[in-house]
Structures are given as C-alpha cells and as structure tokens.
Number of protein chains: 2
Amino acid sequence: MAQKVTITDVARHAKVSRQTVSNVLNTPGLVREDTRRRVLEAVETLGYRASQAARQMRTGRSRLIATRIEPTRDDIDGTVYDRFLHGLTESAAEAGYRVLLYTADDDQSEIATIDDLLAAYEPDAFVLTDTHHGDVRTSWLAGRRLPFVTFGRPWGMPEGPSHPWVDVDGAAGTAAATRHLLDAGHRRIGFIGWPPGSGVGDDRRAGWARTLAAAGVDPAGLDRASDGGVAAGEALARDLLDADRPATALLCVSDSLALGALHAARSPGAGGRANGGAGMPIAVIGFDDTSAARAMGLTSLSQPLAEAAACCVALLARALDGAGVIGEANGGAFDEARSGAGLGAHGPVATPVGTETSRSPGSTMAPTAPGGPPAQVLLQPSLVVRRSA
Amino acid sequence: MAQKVTITDVARHAKVSRQTVSNVLNTPGLVREDTRRRVLEAVETLGYRASQAARQMRTGRSRLIATRIEPTRDDIDGTVYDRFLHGLTESAAEAGYRVLLYTADDDQSEIATIDDLLAAYEPDAFVLTDTHHGDVRTSWLAGRRLPFVTFGRPWGMPEGPSHPWVDVDGAAGTAAATRHLLDAGHRRIGFIGWPPGSGVGDDRRAGWARTLAAAGVDPAGLDRASDGGVAAGEALARDLLDADRPATALLCVSDSLALGALHAARSPGAGGRANGGAGMPIAVIGFDDTSAARAMGLTSLSQPLAEAAACCVALLARALDGAGVIGEANGGAFDEARSGAGLGAHGPVATPVGTETSRSPGSTMAPTAPGGPPAQVLLQPSLVVRRSA
DNA sequence: GTGAAAGCGCTAACAG
DNA sequence: CTGTTAGCGCTTTCAC
C-alpha cells in the first residue's frame with residue numbers, strides 16, 4: 001500500500017515548517033511566492049493529499065453530502081432518481097464534496113438515520129428527495145439549522161420563506177405538452193394522472209387543465225387518475241378512448257402510465273371511434289423520458305436532472321463555503337457557487353421563482369437578500385417528441 | 001444544532017474515566033457488569049455516538065466503502081446497477097459501513113479517483129462493477145493490497161488465485177431459458193447477443209449454445225449479435241424470423257435487445273412462415289428483468305442483485321473485520337461475515353464455485369483455505385415467465 | 001478492573 | 001512571512 005504522506009513529510013521535503021505547508025494549502029495569500037512553489041512542488045512530488053479525518057477534527061467540516069438512495073421501485077419511474085444521483089455525485093465532486101449514501105423506509109426512519117449520520121460522519125449537508133405533503137424531515141433539519149436542499153418543492157407548506165429547494169416545473173411541462181397536442185390539431189386531450197393529494201401529480205395536472213382552459217376546451221370527462229402502473233394506464237386509456245366523446249390524445253403524469261396508454265392506443269380498434277376509423281392516430285405523451293419511453297417511441301417530458309443536481313450542489317456550496325451558517329447573509333457567494341458547480345458553461349434553462357427580491361433577468365436562481373429566505377430554483381422540462389405524438 | 005456529545009460527557013455522566021467508556025464500547029469483556037450498564041445508560045441518555053473522524057485517526061479505519069456510480073446509460077439495461085447499489089447501501093449499513101460514491105469515465109480515471117479517495121477519505125474497501133477483459137483496476141488495487149471485491153468475474157484473467165468476486169451465472173441463466181423454450185416445444189431457438197469479446201455476453205451465449213447442443217439442435221444460422229439497443233434487436237429479430245429456416249423463439253442477451261425482438265415478434269405477419277400462419281406465437285426472452293420488461297410482459301432472467309450486493313459486503317466484512325490484512329488466514333470469520341451481512345434469513349440461492357477447497361454443500365460461498373485464494377461467489381439468476389414466452 | 005498519558009494529522013491562534 | 005504551541009475526540013499502551 002502506498003505509504004501515507006503527511007504534512008510533515010511535505011514540510012521536510014520543502015524545508016519549511018508544517019504550518020507553512022498548511023498555509024500554502026489553505027491561505028495561499030499568506031505565503032511568499034517562491035516558498036509557495038517549493039511547497040507545491042513537494043506536494044506534487046510526494047503525492048500529498050490532506051487527510052479528511054484530521055482536517056475534519058480540526059475544522060468540523062467533512063466535505064460530505066449525504067443523500068438517501070431510494071428503494072428502487074419496481075416501477076419504471078424509479079429510474080429518474082438514479083440519474084439525479086449520478087449528477088449529484090459529479091457536481092459534488094466538482095465542488096470538492098463526496099456523496100454519502102443511506103437508506104430509509106419512511107420519514108421517521110430517515111430522520112433517525114440522519115441523526116446517526118450526523119453524530120458519526122458529520123456530513124456537511126443533506127440532499128432530500130421526494131418531498132411531499134406533511135414532510136417532517138425538512139422541519140426537523142431546519143429546526144436544527146442544518147444545511148440542506150430538497151429536490152422537490154415543499155408541497156403544502158404555508159407560503160413565505162422556506163428552505164432552499166430545486167425542482168422541475170411539472171405544470172409548465174404538461175402545459176407545453178398540451179400545447180403541442182393542440183397545435184397538432186387535437187382538442188379532446190385526456191389526462192391520466194395520480195389521485196389528487198400528491199404535490200407533483202396535482203402540479204402536472206394543473207398545467208394540462210390551465211392550457212386546455214386557455215384554448216377554450218372543456219376538460220369535463222377527460223380526467224382520470226390512478227396510482228398504479230402500466231396496467232392501470234392501459235385501463236384508464238381505454239376508458240378515455242371508449243367514452244361518449246372519446247379522447248384523441250392522452251397526456252400522462254408518468255411514463256409507466258403512458259406506456260400502458262400507448263398500448264391501448266396502438267391496439268387494433270383504438271381510435272376507431274374517435275377518428276372515424278382511419279384518421280389521425282391516438283397521440284400519447286408521458287413524463288420523465290425514461291429508457292422505456294425511448295425504447296417504445298413514446299413522446300415524453302424530460303427533466304433536466306443533471307442540472308437539478310448541479311443546482312442542489314450550488315445552493316449547498318453557497319451556504320457552506322459562503323456564509324458558513326445557514327440563513328446568514330450570503331449575497332457575494334452566489335456567483336462563486338454557481339460556477340463552482342459547473343453550471344457556468346451551459347446556458348441557464350431555469351426560471352427565477354417569483355420572490356419579491358427576484359429581479360435579475362439572466363440569473364439561474366432567485367438571489368437571496370441578506371437575512372431573507374434561501375434560494376429556490378425551478379427548472380424547465382423539455383418535450384422529447386417521438387413516434388407517439 | 002444538537003450539541004456534540006463526546007466520550008468525556010459520557011464519562012462524566014457515568015462517573016467513570018473516559019477510558020472506561022471506550023472500553024465498554026470496544027472491549028466490553030474488560031469491564032465489570034454494573035459499570036458497563038451505567039456507561040451504556042449514559043450513552044443512551046446522552047445519545048452519544050463515536051465520532052468517525054476521531055476514531056479513524058486513531059484506528060486508521062473509516063468504515064467507508066467506496067463504489068462508482070455509473071453514468072446512467074441511456075440504455076434500458078443501465079437500471080440494473082442502480083438496484084445493486086441500493087442493495088449495497090443496505091447491506092453495508094447492516095454491517096456498520098457506509099457507501100461513498102464517486103464517478104469516473106474510464107479505468108484510468110477511476111484509478112486516479114480511487115487514489116485520491118484513498119489519500120483523503122481512506123475508504124476501507126472498494127466495490128468495483130463492470131469488470132471486463134484487460135481490466136487494469138483490479139491489478140492496481142491488488143498490487144497495493146487494498147481490500148476490494150468486484151461484482152463481475154475477472155474476465156480473461158489467467159486461471160488460478162484471483163481477487164474476491166461475486167457474479168451472477170449468466171450461462172446458467174440462458175441455459176435455463178433455453179431449456180424452458182425447448183420444453184415448450186421450440187426447436188429453432190435464436191440467440192441475439194453482443195459481439196464476441198465481452199465476458200458477460202460470451203458467457204450468456206455459451207449457456208444457450210451448450211443447451212441447444214445437448215438437445216441435439218444445430219445452432220447454425222441462429223446466432224446474431226449487435227451492441228445496439230432496441231432498434232438493433234428488432235432488426236436482428238426480423239432477420240432471424242425471415243431466415244430460410246426461421247427461428248420460432250428468440251433468446252436475447254439483454255432486455256433492450258429483447259424489447260426490440262418482442263416488437264418484431266408481435267408485429268403482424270411475424271411467425272407466419274415459422275408457424276404456418278396461425279401456430280404458436282414467437283417466444284421472446286430477455287435478460288435482467290428490467291422495469292421495461294415487466295411493463296411489456298417480457299419474460300426475462302432476473303439477477304439476484306440485492307443478494308449479490310450482500311455477498312460483496314460479506315466478503316469485504318470478512319477481510320476487514322476478520323483478518324485485517326487481505327490474504328491472511330480468515331477461516332473462522334466466514335460465518336460471522338455471512339450473518340453480519342443479513343444473509344442469514346434468506347435461503348442460500350448461490351452455487352459454490354468449483355475451487356479445490358470448496359466442499360461445504362450448504363454453503364453460500366466457496367470458503368477460503370488459510371493463505372489460499374480469496375472467496376468467489378456465483379449466484380443464479382431466475383427466469384421470470386410472462387406473456388412473451 | 002480502572003485511570004493516566006500519548007498521539008493519530010491537521011489547522012487556528014499566536015509569537016517571532 | 002514563518003515557526004511554535006495547542007488541541008479536535010478517540011483508542012492504545014501502560015501503570016495502578
């Protein structure tokens with residue numbers, strides 16, 4: 001095994017004191033140029049890298065970001081999180097952090113695990129996913145003033161200052177999809193969603209409803225819901241296609257439901273009634289752009305997951321490297337955090353959230369006023385058009 | 001934030017010295033019963049948990065297992081790894097370890113990242129996935145005597161002692177699938193695989209070929225290959241179905257190819273030649289039992305991924321908690337490692353690999369003779385039968 | 001059995 | 001600008 005190289009070895013090699021080495025690494029401005037170079041050279045030669053454990057003991061910072069890995073749902077939709085996780089790992093690495101994984105079955109056990117983790121590994125921050133109504137995790141973390149971001153809005157929370165979050169604008173996505181269908185000549189556009197009560201599901205339904213309303217189409221009888229998978233999607237699709245005034249297009253809240261709907265739409269006889277036997281085929285659009293959608297030629301709404309992950313890291317880096325304490329003033333750290341997470345090159349695809357203080361047109365995020373609410377980021381999904389619509 | 005509770009606080013609370021607390025936690029046998037209880041009570045009351053950083057500095061062990069998260073391939077097949085990762089996180093937690101994530105684009109950059117990680121976070125072990133011919137990662141790790149396991153055999157390595165690994169017996173899987181098709185009356189069973197040269201692909205092809213040979217069926221003209229996705233699968237399937245002597249069943253090396261094949265098989269006209277117009281439908285079987293397979297009613301071979309992950313952790317725990325130094329004698333640690341990883345309850349589904357020393361019938365793994373080669377585990381996939389076959 | 005002392009590698013504070 | 005000192009929380013000798 002490669003022998004451990006300590007700061008003392010570097011100091012000896014560079015003929016300076018241990019402290020000078022530490023200064024070169026942590027406070028470069030404090031050291032004379034030629035000393036700095038000599039030390040850096042020694043670091044290079046010896047392959048020195050600071051021990052996190054020792055550094056953590058001294059500074060109290062672990063450079064670890066903890067997040068939960070979900071029990072892979074049998075569902076097709078479960079793959080979305082995995083792509084987010086990959087992006088998170090990459091962005092975190094770019095910002096000098098590592099991702100620590102844990103599992104938990106419910107909110108309570110997740111809190112317990114976080115508590116454990118905090119005592120043992122002291123992660124600097126947490127990334128929470130799958131936010132929902134009555135989410136106790138966020139208030140627990142916020143109550144202890146622990147740095148965290150959620151991927152997902154704080155559904156059902158009272159308006160006003162909330163924790164930092166990143167989300168994808170589901171309503172905008174379904175609105176765009178609905179518009180796409182309207183443009184293609186469809187009027188009777190059905191929606192297959194999740195039962196009311198889920199933040200994400202309701203949001204996506206809203207985008208469809210409002211766009212239909214704006215086009216003067218009555219959504220009555222075009223709305224169906226289930227929390228099932230492919231089979232449920234197929235059943236609900238048949239129901240919509242066999243109705244008195246059948247739908248000619250189906251927009252679905254998830255790819256799994258959409259895949260079922262697609263099956264119904266493509267099965268012989270479907271659309272016969274709706275399109276007079278040989279008209280336009282039934283259009284189907286899903287949500288998440290999963291690999292299954294790609295494989296089946298299903299048009300779907302794609303979430304910018306890598307970017308969402310990068311935003312999460314940027315928000316965290318801002319709180320962590322910028323101000324230290326959460327909720328403190330951190331105006332200046334913004335740009336640094338943004339580029340630090342590797343967002344610089346890509347054009348901003350985000351829409352600033354409508355906060356009072358939000359008025360920087362080109363910005364990716366809603367900047368935080370000193371002492372004001374932390375930042376929120378709402379990203380836009382994009383429609384990937386395939387055979388199905 | 002919950003104030004940090006140190007061992008000193010516990011000592012004070014229990015009215016003993018700091019050292020006694022440490023003894024209770026690390027060497028319980030050394031402490032008198034009532035002292036032990038008083039200390040444990042204090043630990044409970046104060047919610048004390050040892051700081052990993054401090055412990056790591058003293059012991060040199062981080063209780064961290066590092067693994068790479070793959071850049072989610074656009075492919076349907078990419079989801080397999082995610083399920084493994086979830087299992088790994090769970091099993092690791094049960095054994096008292098946490099999973100640290102990293103990314104890398106190729107073997108070389110992975111080695112560089114591992115090197116970095118080693119210097120900074122000092123993970124106790126690595127889990128490598130996606131082993132392949134000429135894999136330089138394993139020799140690099142082995143050369144430094146670093147503890148690691150691979151999920152995947154050391155393809156193309158010279159026979160003899162190798163590093164510990166866990167794998168799923170692909171050939172046994174395709175053999176079982178082929179037998180299933182033979183039992184259903186099929187004779188002309190085509191295989192759609194990956195181009196020769198990939199360990200996994202060749203292995204899976206071999207299971208099909210040998211089973212066909214055993215049944216006296218000539219595989220000539222029934223073998224196709226591509227490293228493409230769904231579209232490639234569809235094309236190759238049509239080719240096999242349109243051949244002079246068409247196939248009546250299709251076994252595929254992956255679900256993505258199988259989904260394409262399924263599309264070809266279900267399209268009108270398919271099987272007309274093969275089955276005289278109205279015979280038995282074309283059977284299709286995939287590999288990996290992905291969510292897409294489930295959704296499309298595709299029969300597929302399911303890998304016991306959670307179990308594979310548990311075995312990886314068990315192997316590591318054996319090396320880490322058992323003998324300390326890799327390659328040392330570790331006979332007695334075996335059972336401990338096994339139950340420690342939570343394998344106890346589930347019945348063993350594994351087949352011991354044919355090592356000379358392997359002769360414990362009920363065992364999940366091939367035990368290691370002192371000083372002998374580390375353990376290898378070969379698990380069996382299971383056929384999940386759905387509409388497609 | 002229990003307590004005292006040393007030190008893992010690092011950095012924050014201060015002295016030179 | 002550079003070097004010295006101290007101590008983060010823990011475990012591992014070693015005395016008692």
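Given the structure is predicted, the values throughout are model-derived calculations rather than measurements. The chains referred to below are lettered A, B, ... by the order of the sequence lines, with proteins before strands, and numbering in each begins at 1.
- Ring orientation note: the planes of His163(A) and Phe148(A) are tilted relative to one another, at an angle of 30° to 60°.
- In this structure, the CE atom of Met57(A) is 16 Å from the P atom of dG7(C), given to the nearest Å.
- Under the 4.0 Å criterion applied to side-chain N and carboxylate O atoms, Glu33(A) and Arg36(A) are assigned as salt-bridge partners.
- Distance from the side chain of Thr6(A) is smallest to dC10(C) among dC10(D), dC10(C), dT11(C).
- A cation-pi geometry, defined here as NZ or CZ lying under 6.0 Å from the six-membered ring centre and within 45° of its normal, holds between Arg63(B) and Tyr97(B).
- Checking Ser17(A) against Ala54(A), the closest nucleotide of DNA chain D that is more toward the 5' end is the one next to Ser17(A).
- When the C1' atom of dG3(C) is taken as reference, atom CZ of Arg12(B) falls 16 Å away, rounded to whole Å.
- Between Thr138(A) and Asp135(A) the shortest heavy-atom distance is OG1-O, 3.3 Å.
- Non-hydrogen atoms lying under 4.0 Å from DNA chain C are contributed by Arg18(B), Gln19(B), Thr20(B), Leu30(B), Val31(B), Arg32(B), Thr35(B), all within residues 18-37 of chain B.
- Between dG9(C) and Ser51(A), no contact under 4.0 Å exists linking OP1 or OP2 to a side-chain N or O.
- For Arg49(A) and dC10(C), the CZ to P distance is 12 Å, given to the nearest whole Å.
- Remark: Asp34(A) pairs with Arg32(A) by the side chain to side chain donor-acceptor pair (under 3.5 Å) rule, at least two apart or across chains.
- One atom, CZ of Arg63(A), and another, C1' of dC10(C), lie 15 Å apart when rounded to the nearest Å.
- Here the C1' atom of nucleotide dG7(C) and the NZ atom of Lys4(A) are 13 Å apart, to the nearest Å.
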Discussion item. For Ile69(A) and Val99(B): C-alpha separation, side-chain torsions, deciding distance, then whether side chain to side chain contact (heavy atoms under 4.5 Å, CB included) applies.
Written reply: CA-CA 10 Å; Ile69(A) 180 166; Val99(B) 173; over 6 Å; no

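- Taking atom CD of residue Gln52(A) and atom C1' of nucleotide dG9(C), one finds them 12 Å apart after rounding to whole Å.
- If you take CG on Leu141(B) and CD1 on Ile111(B), they are separated by 7.5 Å, rounding to the nearest 0.5 Å.
- To the nearest angstrom, P of dA12(C) lies 11 Å from CD1 of Ile7(A).
- Atoms CZ (Arg58(A)) and P (dC10(D)) sit 16 Å apart, rounded to a whole Å.
- Of the candidate nucleotides dT11(C), dG9(C), dT12(D), dT11(C) has the atom lying nearest to any side-chain atom of Arg55(A).
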